[in-house]
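Just so it is clear: chains get the letters A, B, ... in the order the sequence lines come, proteins before strands, and each one is counted from 1.
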Protein chains: 2
Amino acid sequence: MNIELATTALKALAHETRLRVYRRLVQAGANGLCVADLATELGAEANGSFSFHLKELSNAGLIRSRQEGRFIYYSADYPAMNELLAYLTEHCCAGQSCGEQEHSCTIPENP
Amino acid sequence: MNIELATTALKALAHETRLRVYRRLVQAGANGLCVADLATELGAEANGSFSFHLKELSNAGLIRSRQEGRFIYYSADYPAMNELLAYLTEHCCAGQSCGEQEHSCTIPENP
DNA sequence: TTCATATTTATAGAATAGTCGAAATATCGT
DNA sequence: ACGATATTTCGACTATTCTATAAATATGAA
């Protein structure tokens, strides 16, 4: 992680729709959700704008996609967020260790 | 912390200059740094653009300023970043506790 | 008070991001 | 192959953010 990757990831998360999408995908676990379900759950429409936001998150490496039949499933890339948090925390702690205070994200069990 | 505050903070951090500024202020501790020193250390100029970025971080509640003589000192608002990290971690961990894995930011001793 | 330093504010222009609607691609079911 | 569904891509447009420059404000020093 470097400052360029960090700003890219932060930019991707710095939009309400995308932050909601990301959060929902994190909660969804490794399977993720297909676009239509994702949009429905967030009260959004699966249109070009929604697709644009998915691409932003995807380009930032925060989410991944896989085709499954007619549907495209998106899922959170947990390590990416962990790296971002680590980067922010590192600087947040002024180069000192936070002691026990690490963070990391667990992948929820498949529902 | 809610999604609106979170996106505001993320937007503020989602720019290389501002992320550098923020990081440097975190490292500087409670005293902070005055604008000219901050700019010099980052290889930037203390001009209107730099001031704009300081205002963005300030509006997002991530940094504070105080006047001291002719100089204006900026310093990191540690609790604000802790709240943001807590918010991200919470969602990152899909509503489950991270166990021991908390994070928080310590204010470095005054240099 | 007048001048110099430190920083912000204002205004306009340039660059980037976001939205909208239509057309394109991919896959499935018939 | 054809039609329906799911999603992306494209092009034009709008909105937001960033930069540059100059003028304004604040403080301290002479």
Side-chain angles (χ1 to χ4, degrees), chain A residues 3-22 24-25 28 31-76, chain B residues 3-25 28 31-77:
Chain A
I3 195 153
E4 209 170 320
L5 292 173
T7 51
T8 300
L10 288 167
K11 256 180 214 157
L13 293 170
H15 187 282
E16 190 164 328
T17 297
R18 294 193 296 258
L19 189 51
R20 284 189 202 281
V21 163
Y22 183 76
R24 189 63 195 82
L25 288 180
N31 266 354
L33 289 171
C34 70
V35 180
D37 288 355
L38 192 49
T40 300
E41 295 206 15
L42 300 177
E45 282 187 61
N47 54 17
S49 182
F50 197 70
S51 200
F52 164 78
H53 290 305
L54 290 174
K55 195 170 61 176
E56 291 289 297
L57 285 165
S58 187
N59 287 343
L62 290 165
I63 66 177
R64 302 161 156 282
S65 69
R66 67 178 195 281
Q67 184 120 21
E68 206 160 286
R70 246 185 309 186
F71 305 88
I72 295 180
Y73 278 72
Y74 280 89
S75 54
Chain B
I3 195 155
E4 208 170 320
L5 291 173
T7 50
T8 300
L10 288 167
K11 256 181 214 158
L13 292 170
H15 186 283
E16 189 165 329
T17 297
R18 293 193 296 258
L19 189 51
R20 283 189 202 280
V21 163
Y22 183 75
R23 170 175 67 178
R24 189 62 194 81
L25 287 180
N31 264 354
L33 289 170
C34 70
V35 179
D37 287 356
L38 192 50
T40 300
E41 294 204 16
L42 301 177
E45 283 189 60
N47 55 16
S49 182
F50 197 70
S51 200
F52 165 79
H53 291 305
L54 290 174
K55 196 169 61 177
E56 292 288 297
L57 285 166
S58 187
N59 287 343
L62 290 166
I63 65 176
R64 303 163 156 279
S65 68
R66 67 178 195 281
Q67 184 120 21
E68 206 161 286
R70 247 186 307 187
F71 306 88
I72 295 180
Y73 278 73
Y74 280 89
S75 55
D77 187 309

For side chain to side chain contact (heavy atoms under 4.5 Å, CB included), just list the numbers for A:N31 and A:R66, CA-CA rounded to whole Å, side-chain angles, deciding distance to a tenth of an Å, and then say yes or no.
CA-CA 10 Å; A:N31 266 354; A:R66 67 178 195 281; 4.2 Å; yes
What is the separation between atom [atom1] on [X] and atom [atom2] on [N], rounded to the nearest whole Å?
X     : N      : atom1 : atom2 : result
B:Y73 : D:dA26 : OH    : C1'   : 16 Å
A:R66 : D:dA6  : CZ    : P     : 17 Å
A:L54 : D:dT8  : CG    : C1'   : 10 Å
A:E45 : D:dT7  : CD    : P     : 13 Å
B:E56 : D:dT17 : CD    : P     : 7 Å

Under 4.0 Å, counting only non-hydrogen atoms across every strand here, what does A:G48 touch: a base, just sugar-phosphate, or nothing?
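It contacts base atoms.
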For B:S51, which contact category applies under a 4.0 Å heavy-atom criterion: base, sugar-phosphate, or nothing?
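Counting heavy atoms under 4.0 Å across all strands, the contact made by B:S51 includes a base.
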Smallest separation among heavy atoms of [X] and [Y], with atom names:
X     : Y     : answer
A:L19 : B:A6  : CD2-CB, 4.0 Å
B:R18 : B:K11 : NH2-O, 3.1 Å
B:Y22 : B:A76 : CE1-CB, 4.2 Å

Residue-phosphate contact under 4.0 Å: A:Y74 side-chain N/O, D:dT8 OP1/OP2:
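A:Y74 to D:dT8 OP1/OP2: side-chain N or O found under 4.0 Å.
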Which is more 5' along DNA chain C, the nucleotide nearest B:F50 or the one nearest A:F52? Just name the residue.
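On the 5' side of the pair lies B:F50.
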Nearest-nucleotide wise, let me know which of A:F71 and B:I72 is further upstream toward the 5' end of DNA chain C.
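It is B:I72 whose nearest nucleotide is closer to the 5' end.
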About how many Å separate OH of B:Y74 and CG of B:L57, when rounded to the nearest 0.5 Å?
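Result: 9.5 Å between the selected atoms.
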Tell me, please, the opening and closing nucleotides of DNA chain C, 5' to 3', among those with an atom under 4.0 angstrom from a non-hydrogen atom of chain A.
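Here the contact window of chain A covers C:dG18 to C:dC28.
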Starting the side chain at C-beta, find the nucleotide from D:dA6, D:dC18, D:dG28 nearest to B:R18.
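Nearest nucleotide to the side chain: D:dC18.
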To the side chain of A:R70, which of D:dT19, D:dT9, D:dA4 is closest?
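Closest nucleotide among those given: D:dA4.
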So A:I63 and A:S58, side chain to side chain contact (heavy atoms under 4.5 Å, CB included) or not? Walk me through it.
CA-CA 5 Å; A:I63 66 177; A:S58 187; 4.1 Å; yes
Which atom pairs, one a donor and one an acceptor, fall under 3.5 Å between side chains of residues 39-49 of chain A and the rest of the protein, sequence neighbours left out?
residue	atom	partner	partner atom	Å
A:T40	OG1	A:A36	O	2.9
A:E41	OE1	A:R24	NE	2.5
A:E41	OE1	A:R24	NH2	2.9
A:N47	OD1	A:S49	N	3.3
A:N47	OD1	A:F50	N	3.0

